[in-house]
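All remarks here apply to the structure that follows.
Only a predicted model underlies this, so the values are computations on that prediction, with no experimental measurement involved.
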Amino acid sequence: MTELLAVRNLAAGYGGPPVVTGVTFEVGEGERIGVLGPNGGGKSTLFRALLGELRVARGSVRVPPRLGLVPQTERSRLDYPVTALDVALMGTLSRVPWWRPLGRRDRSFGLDALGRVGLRDLAKEQFGELSGGQRQRVLVARALVQDAPVLLLDEPFSGVDQPSADLLERLLDELGDEGRGVLIATHDLEQARRWDRVLCLNRRQIAFGPPAETLTRSVLEQTYGAEIVPLPAGEGGVAAVLPPHHHDHA
């Protein structure tokens, strides 16, 4: 398996004490990796360090020339007069000089990306007037336009409707089949069980590996602490129930 991204003993923060420490993992070609952790546990900090937005206090980070980011839609400005296609085409800024006018090929690439997320027919609609799930899918289209080998998705299922969640899950499978690496910050343990590997964080790395080996009761308790209610699932397994605010996409 070709290695697309590698992190070794990473510590990163915002100028003071590190927010997250001891992070070591890699992303292989075609891998979908869930990043689990409580709010404030370091998931977004890790993504910002990978993007080069934060100084690495210790350790090393090796990333490809381009990373695609899908931020949480709740953090998007909704008052700008831009269409869904305009937002998708913002993904060209990673490879096209800002002063160069976008051509027909660029627009076709943007429309194709919107088509992959089921929104080609809404290309001319105002971004701020779309539903939460539709806005999240537009942000995924923007990341696709970046044409990056690794995509970072920051809680992409939070606040989206079920049809959008189902479409996003299918798209993640397709991206893996294409050979792209995908990191998905999430609170959904059942989703994470279906992905290739899981990285558990709570201001430090708790565990990294295949879901069947990693999502044990001990790891989940260290990851979520008092926020998690572990229940027996038979044959020694664990069914973990999180508080309602971790399931607002359902």
Side-chain angles (χ1 to χ4, degrees), residues 4-5 27 29-30 32 43-44 47-54 63-161 163-186 249:
L4 300 177
L5 180 152
V27 180
E29 192 174 78
R32 300 155 306 156
K43 302 187 298 299
S44 295
F47 280 9
R48 293 189 64 183
L50 296 178
L51 291 165
E53 296 177 359
L54 296 179
V63 300
R66 287 196 302 275
L67 292 174
L69 173 66
V70 181
Q72 295 180 39
T73 185
E74 289 85 353
R75 298 178 182 176
S76 303
R77 289 286 298 271
L78 302 179
D79 54 350
Y80 288 133
V82 292
T83 66
L85 179 58
D86 291 333
V87 174
L89 289 174
M90 291 176 186
T92 62
L93 295 176
S94 65
R95 52 189 174 82
V96 176
W98 65 267
W99 43 261
R100 199 202 82 180
L102 296 180
R104 183 176 299 176
R105 182 180 179 185
D106 296 312
R107 293 180 66 83
S108 178
F109 199 11
L111 287 170
D112 289 344
L114 287 174
R116 290 199 67 179
V117 299
L119 294 176
R120 188 184 182 105
D121 291 344
L122 298 181
K124 296 182 179 180
E125 296 295 320
Q126 293 293 303
F127 179 72
E129 295 177 2
L130 299 175
S131 70
Q134 290 170 337
R135 292 197 303 271
Q136 189 69 71
R137 286 149 62 185
V138 171
L139 295 177
V140 172
R142 184 182 67 177
L144 294 177
V145 170
Q146 290 178 280
D147 198 27
V150 177
L151 274 68
L152 313 177
L153 293 90
D154 191 358
E155 300 190 22
F157 297 94
S158 178
V160 307
D161 53 81
S164 292
D166 293 341
L167 188 150
L168 288 174
E169 282 212 61
R170 290 195 300 271
L171 182 58
L172 293 179
D173 292 340
E174 292 174 9
L175 293 173
D177 292 341
E178 293 172 4
R180 302 202 205 199
V182 186
L183 280 168
I184 314 108
T186 182
H249 73 270

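Residues D154 and L152 have side chains not in contact (no heavy-atom distance under 4.5 Å, counting atoms from C-beta outward). Side-chain contact between D106 and V145 is absent, with no heavy-atom pair separated by less than 4.5 Å. Using a 4.5 Å heavy-atom cutoff, the side chains of Q134 and E125 are not in contact. Looking only at side-chain heavy atoms (C-beta outward), R180 and L144 come within less than 4.5 Å of each other. Looking at V138 and V117, their side chains never come closer than 4.5 Å, going by heavy atoms from C-beta outward. With contacts defined as side-chain heavy-atom distances shorter than 4.5 Å, the pair L51/V63 does not qualify.
Judged by distance alone, with hydrogens and angles left aside, the side-chain atoms of R66 form a donor-acceptor pair with the main-chain N or O of Q146 at under 3.5 Å. Between the side chain of Q136 and the backbone N or O of V70 there is no donor-acceptor pair closer than 3.5 Å. Not a single donor-acceptor pair under 3.5 Å links the side chain of E129 to the backbone N or O of Q126.
The two atoms that bring A148 and G68 nearest to each other are CB-N, 3.3 Å, heavy atoms only. Of all heavy-atom pairs between G110 and A88, the closest is O-CB, 4.4 Å. Among all heavy-atom pairs drawn from A84 and L130, the shortest one is CB-CD1, 4.2 Å. Taking all atoms of both residues into account, the shortest heavy-atom contact from L139 to P71 is CD1-O, 3.7 Å. Across every non-hydrogen atom of A185 and P156, the tightest pair is O-CD, 3.6 Å.
Between atom CG of residue L111 and atom CG of residue L114 there is a gap of 6.5 Å, rounded to the nearest 0.5 Å. How far CG of D112 is from CZ of R120: 5.5 Å, rounded to the nearest 0.5 Å. Atom-to-atom distance recorded for F47:CZ and L153:CG is 7.0 Å, nearest 0.5 angstrom. Here R32 contributes atom CZ and L151 contributes atom CG; the two are 14.0 Å apart, rounded to the nearest 0.5 Å. One finds the OG1 atom of T92 at 12.5 Å from the CZ atom of R105 (value rounded to the nearest 0.5 Å). Note that CG of D177 is 10.5 Å distant from CG of L171, once rounded to the nearest 0.5 Å.
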Would L67 and L5 satisfy side chain to side chain contact (heavy atoms under 4.5 Å, CB included), going step by step from the backbone distance to the final call?
CA-CA 10 Å; L67 292 174; L5 180 152; 4.2 Å; yes

How far apart are the C-alpha atoms of E178 and R116, what are their side-chain angles, what is the distance that settles it, and do they pass the salt bridge (charged side-chain N to carboxylate O under 4.0 Å, His left out) test?
CA-CA 13 Å; E178 293 172 4; R116 290 199 67 179; 2.8 Å; yes

List the steps, then state whether side chain to side chain contact (heavy atoms under 4.5 Å, CB included) holds for L168 with F157.
CA-CA 8 Å; L168 288 174; F157 297 94; 3.7 Å; yes

Decide side chain to side chain contact (heavy atoms under 4.5 Å, CB included) for K124 and L85; before the verdict, give the C-alpha distance in whole Å, the side-chain angles of both, and the deciding distance to 0.1 Å.
CA-CA 6 Å; K124 296 182 179 180; L85 179 58; over 6 Å; no

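Of the options R135, R137, E169, a side-chain contact (heavy atoms from CB on, under 4.5 Å) to S164 is made by R137 and by none of the others.
Within 6.0 Å of atom CZ in R48, more than 12 heavy atoms from other residues, nucleotides or ligands are found, so the atom counts as buried in its surroundings. Atom CG of D121 has 12 or fewer heavy atoms from other residues, nucleotides or ligands within 6.0 Å.
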